[in-house]
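Read through the structure below, which is laid out as structure tokens, and then see the notes.
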Amino acid sequence: MAKRKEENFFSPENAKRPRQEELDDFDKDGDEDECTVSFTNGTSTLTAAEVGIIESIQLRNFMCHSMLGPFKFGSNVNFVVGNNGSGKSAVLTALIVGLGGKAVATNRGSSLKGFVKDGQNSADISITLRNRGDDAYRANVYGNSIVVQQHISMDGSRSYKLKSETGTVVSTRKEELIAILDHFNIQVDNPVSVLTQEMSKQFLQSKNEGDKYKFFMKATQLEQMKEDYSYIMETKERTKEQINQGEERLIELKRQCLEKEERFQSIAGLSTMKTNLEYLKHEMAWAVVNEIEKQLNAIRDNIKIGEDRAARLDRKMEEQQVRLNEAEKKYKDIQDKLEKISQETNARAPECMALKTDVTAKKRVYNEAEVLYNRSLNEYRALMKDDEQLCKRIEELKKSTDQSLEPERLERQKKISWLKERVKALQDQESSINQEIEQFQQAIEKDKEERIRIKGEELDVKHTLSYNQRQLKELKDSKTDRLKRFGPHVPALLEAIDDAYRRGLFTCKPVGPLGACIHLRDPELALAIESCLKGLLQAYCCHNHADERVLQALMERFYSRGTSRPQIIVSEFRNEMYDVRHRAAYHPEFPTVLTALEIDNAVVANSLIDMRSIETVLLIKNNSVARSVMQSQKPPKNCREAFTADGDQVFAGRYYSSENTRPKFLSKDVDSEISDLENEVENKKAQILNLQQHLSALEKDIKRNEEFLRRRQIHYRELKVKITESISEIRELENIEEHQSVDIATLEDEAQENKIKMKMVEKNMEQQKKNMEHLKSLKIEAENKYDAIKQKINQLSDLAEPLKDELNLADSEVDNQKRGKRHYEEKQKEHLDTLNKKKRELDMKEKELEEKMSQARQICPERIEVKKSASILDKEINRLRQKIQAEHASHGDREEIMRQYQEAKETYLDLDNKVKTLKRFIKLLEEIMTHRYKTYQQFRRCLTLRCKLYFDNLLSQRAYCGKMNFDHKNETLSISVSF
């Protein structure tokens, strides 16, 4: 609360936390005495401060205590401890109130009378402040101590007595106490100096960053500075109002003073007034001439500025034309590149399909060859194994000498021969069944591919049917309300627009949908015009962006988020249609879109001209004639594209077919459209039924073939088992140890026959392997060709996508440049009309000047210099005439007139001096406040930085980390601490 020496106060040794045992002991000691307050001071190790220290305090009849104190305080840190009700809070509250604080600042009451003990008439507080050393306050008057005594009455009033060390009353004024507190830097309303329980609870419990910031502002007295600045600025504004009132009063006083002066001068002599009247008439004559000359000079200056502006507009038009040419060239270049890529892609498509078919066929042939080779390989391996067994058997038989088991051996040989024949028959049957399995698998695969194709075709037809049914419903609804063609919500939206316009929400009522505002001269061109205008038929026009925002808000009621909304065109409404004769396309046989439409509203026509340039688009019913006009010869002047009756779009170098077959919005024969759509819906339903029947037949075929395949696979597995069993039995018979003599010659013949078979199979294998390798090379070659052509097509597609985006951007750029050119053309036309009007006005003024100069020479032959305007001179002439007449009628008292004139002049001069003084004061105050506010901001930054540094230092001493962020703009203070 006062200035203290802080050499060792924040040292790391003193910042250590006390142990929990010490704290517990301290709490126990504090509970021993219920009615006493203990004071512990820390003056043993620290140097005592010399000024601003509270040495003692004494209370009488304060709050609930009859007498407290006097309490002596140490020079540095003091701890006040005691039980509830012992007077701790009373001492702190008395310090705040006794040093001039308000009752609200104590959080203990709203009025001072609440601090007087019940049953008593008054309360007294006595505080002694130290006043020693070089910084002492008026040491020669107060001495080494200053005693502040405050007396509080029951009615809430208080009085002060400021006494010296000897007890002499020095002052009873609060201003003296404030001066002492300022000198000692004691701030009783600052929570950093005096922190009450309520304020500490509020600070510790509050999580609001704004409350922390307010605490910081209050603690650093920045809040008080800010309030002072606000008060000064309010005072400045009130002073300005006084200055304005004084200036108004000054004008009135000046007028009165002039009247008095004129009346005084009028008495001096009528001759002077008449002379002045004649001179004023001369000035009036030449003042009129001066004004006309000024008007002429202003007109000449305007004409010169207008000519310069016309030249700038010409340059801007030339620059705009250059940009337009560049945009059109860029558009054509991108278009040519895209067309070239499209042609190349289309040219490679048949080759790609052919290569794909060739790859499939060669894969199938190679797979068949591989199956044959594997079969021969298996046969060769089996023959090799038989040969080894035969050779082994012959060797064993040759060594055998026992011929007693000959009949049994012959029987085994017969059974082995029978089993081998059976294995061969089973293998042939296995090969046949394997071929059947492959045939069934191919048939199933083919049917499944056909099923996928049919399902895709069915899905496309269903989408088309759904679209046609939706369009049919819209057409039937449009029979009763044509606006429903443009969307089911359009009638309700238009009603909402009418209602909003009646309520004054629109500057001008929006126009739309545009398709409902146009009519066809030739119904056969409906599809062509729809293909040209597309989404613009459902668009709306607004006069300005404010109207656009209102319309957007209305549309949100009828169009949910994620659905497409009609386009809104913002363009200033005009009552006249653009003059496009100089830039419109012309052909003796074919109309443009603009001439093919009947448009009653100029806003609609201008919007379509701005957005789609309909004056440059030709309508040619026949496709071949359109190609001839646009591509076989040079297109007509100003014509960039054309549309056919089928909706196809024709450019000079390319042709785009339309996806639509009938008009949706502009058709007049609704019944015919409904009939055609109903027939088409029926056809689509029949087509879907046929596809579903075909799909059902395919499903049956697939199930039947899958059943056959399952049976063949079971039979195939059974044959495999039989073959395996037979071969095992043969091996068992051949492995039996025979002690009987056998027919070696028969076995040798069989071995020889087996070797012949092996050679045949080996030869066949070599041929099949060569054939397979040849087929494999053909297959790889075909795959490489197919991959290469497919990769090329994919590369072309990848190149085409960014070009399409660039084409759309270039098209938009061309339209923008055209609109910019039209804008400058219209501005130039308006400007030239204005310029011509100014020139005509200049001619008229020159004639008027000649007449006025002739009249002025008749009144005053020699030209005189006039500084006043004609209107002021006219008023002065009329006033002078009235004065002359009044003077002729009667003359007033000369002494009274002189006295009134002197009083009016003194009053005027006194008020004028006050106003000037206040103006100088306001100017100086503004300069000072600007400088002070900058200093305030700099001071706030310094305090913020200092607070952050202290915060970081304190956390680092305790091995914590954290952050303190100030946001002066939003007035928030965020503090975060982590362990």
Side-chain angles (χ1 to χ4, degrees), residues 353-383 418-462 686-731 757 761 764-765 767-769 771-772 774-776 778-780 782-783 786:
M353 293 299 296
L355 287 173
K356 184 178 181 181
T357 306
D358 184 43
V359 168
T360 305
K362 288 182 177 177
K363 278 184 179 179
R364 186 169 58 253
V365 173
Y366 171 74
N367 292 335
E368 292 174 355
E370 189 176 14
V371 170
L372 291 174
Y373 173 76
N374 291 332
R375 192 176 297 161
S376 298
L377 182 62
N378 293 332
E379 186 179 358
Y380 180 74
R381 289 172 179 170
L383 289 172
W418 178 80
L419 286 172
K420 286 183 177 179
E421 290 176 359
R422 186 188 178 200
V423 166
K424 185 177 180 183
L426 289 173
Q427 286 177 343
D428 293 339
Q429 192 175 355
E430 176 193 11
S431 176
S432 175
I433 289 175
N434 192 26
Q435 290 179 357
E436 290 180 4
I437 287 172
E438 289 180 357
Q439 290 173 358
F440 280 124
Q441 285 176 342
Q442 290 175 359
I444 291 170
E445 188 67 27
K446 184 177 179 183
D447 287 344
K448 286 183 177 179
E449 290 178 358
E450 181 68 13
R451 181 177 64 180
I452 291 171
R453 186 186 67 79
I454 295 297
K455 282 187 176 180
E457 187 176 348
E458 180 188 11
L459 187 61
D460 293 339
V461 175
K462 283 183 177 178
Q687 189 176 352
I688 290 172
L689 184 61
N690 292 334
L691 290 172
Q692 289 175 346
Q693 291 175 352
H694 190 188
L695 199 60
S696 178
L698 281 175
E699 293 286 352
K700 290 179 181 178
D701 287 344
I702 291 171
K703 288 181 180 178
R704 185 171 62 253
N705 289 332
E706 286 178 344
E707 180 63 26
F708 287 150
L709 177 63
R710 187 181 64 79
R711 292 177 184 175
R712 291 295 184 273
Q713 288 174 340
I714 292 172
H715 191 192
Y716 180 78
R717 287 193 293 272
E718 291 174 351
L719 286 174
K720 279 283 188 184
V721 171
K722 289 179 180 180
I723 291 170
T724 304
E725 291 175 352
S726 298
I727 291 173
S728 299
E729 191 175 354
I730 289 171
R731 289 174 180 170
K757 284 183 181 180
V761 171
N764 190 21
M765 278 175 57
Q767 291 178 354
Q768 289 175 351
K769 187 174 182 180
N771 185 35
M772 187 175 69
H774 176 67
L775 291 173
K776 185 177 181 180
L778 292 177
K779 182 190 75 145
I780 292 172
E783 287 176 346
Y786 173 69

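Positions are given from 1, in the same order as the sequence printed here.
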Qualifying residues under side chain to side chain donor-acceptor pair (under 3.5 Å), relative to K703, sequence neighbours excluded: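 So K703 forms no side chain to side chain donor-acceptor pair (under 3.5 Å) with any residue.
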Are the side chains of Q767 and N771 in contact, using a 4.5 Å heavy-atom criterion?
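SC-SC contact between N771 and Q767 ruled out.
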With a 4.5 Å cut-off on side-chain heavy atoms, are E430 and I723 touching?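 I723 vs E430: side chains touch.
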Rounded to the nearest 0.5 Å, what separation is found between the [atom1] atom of [X] and the [atom2] atom of [Y]?
X	Y	atom1	atom2	result
H694	E699	NE2	CD	11.0 Å
L719	T724	CG	OG1	10.5 Å
M765	M772	CE	CE	9.5 Å
I688	L695	CD1	CG	12.5 Å
K362	L355	NZ	CG	9.0 Å
Q427	S726	CD	OG	9.5 Å

- Task: Indicate yes or no for a side-chain donor-acceptor contact from N705 to the backbone of D701 under 3.5 Å, with no hydrogens or angles considered.
- Result: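 Yes, the answer is positive, given that a donor and an acceptor are paired below the 3.5 Å cut-off.
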Show me the donor-acceptor pairs, under 3.5 Å and distance only, between side chains in residues 453-461 and residues at least two apart or in other chains.
{"residue": "R453", "atom": "NE", "partner": "E450", "partner atom": "OE1", "Å": "3.4"}
{"residue": "R453", "atom": "NH1", "partner": "E457", "partner atom": "OE1", "Å": "3.2"}
{"residue": "R453", "atom": "NH2", "partner": "E450", "partner atom": "OE2", "Å": "2.4"}
{"residue": "E458", "atom": "OE2", "partner": "K462", "partner atom": "NZ", "Å": "3.4"}
{"residue": "E458", "atom": "OE2", "partner": "Q692", "partner atom": "NE2", "Å": "3.2"}

Task: Minimum-distance pair of heavy atoms, taken over all atoms of K722 and L426 - done: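 In terms of heavy atoms, the two residues are closest at CB-CD1, 3.8 Å.
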Check this for me, if you would: do R704 and E707 make a salt bridge, where the nitrogen-to-carboxylate-oxygen distance has to be below 4.0 angstrom?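 Between E707 and R704 there is no salt bridge, as every charged N stays at least 4.0 Å from the carboxylate O atoms.
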What pairs of donor and acceptor atoms, side-chain ones from residues 431-446 against any protein atom, are under 3.5 angstrom apart with sequence neighbours left out?
{"residue": "S431", "atom": "OG", "partner": "R375", "partner atom": "NH1", "Å": "3.2"}
{"residue": "E436", "atom": "OE1", "partner": "R712", "partner atom": "NE", "Å": "2.5"}

| Between R451 and D447, does a salt bridge (charged side-chain N to carboxylate O under 4.0 Å, His left out) hold up when you go through it step by step? | CA-CA 6 Å; R451 181 177 64 180; D447 287 344; over 6 Å; no
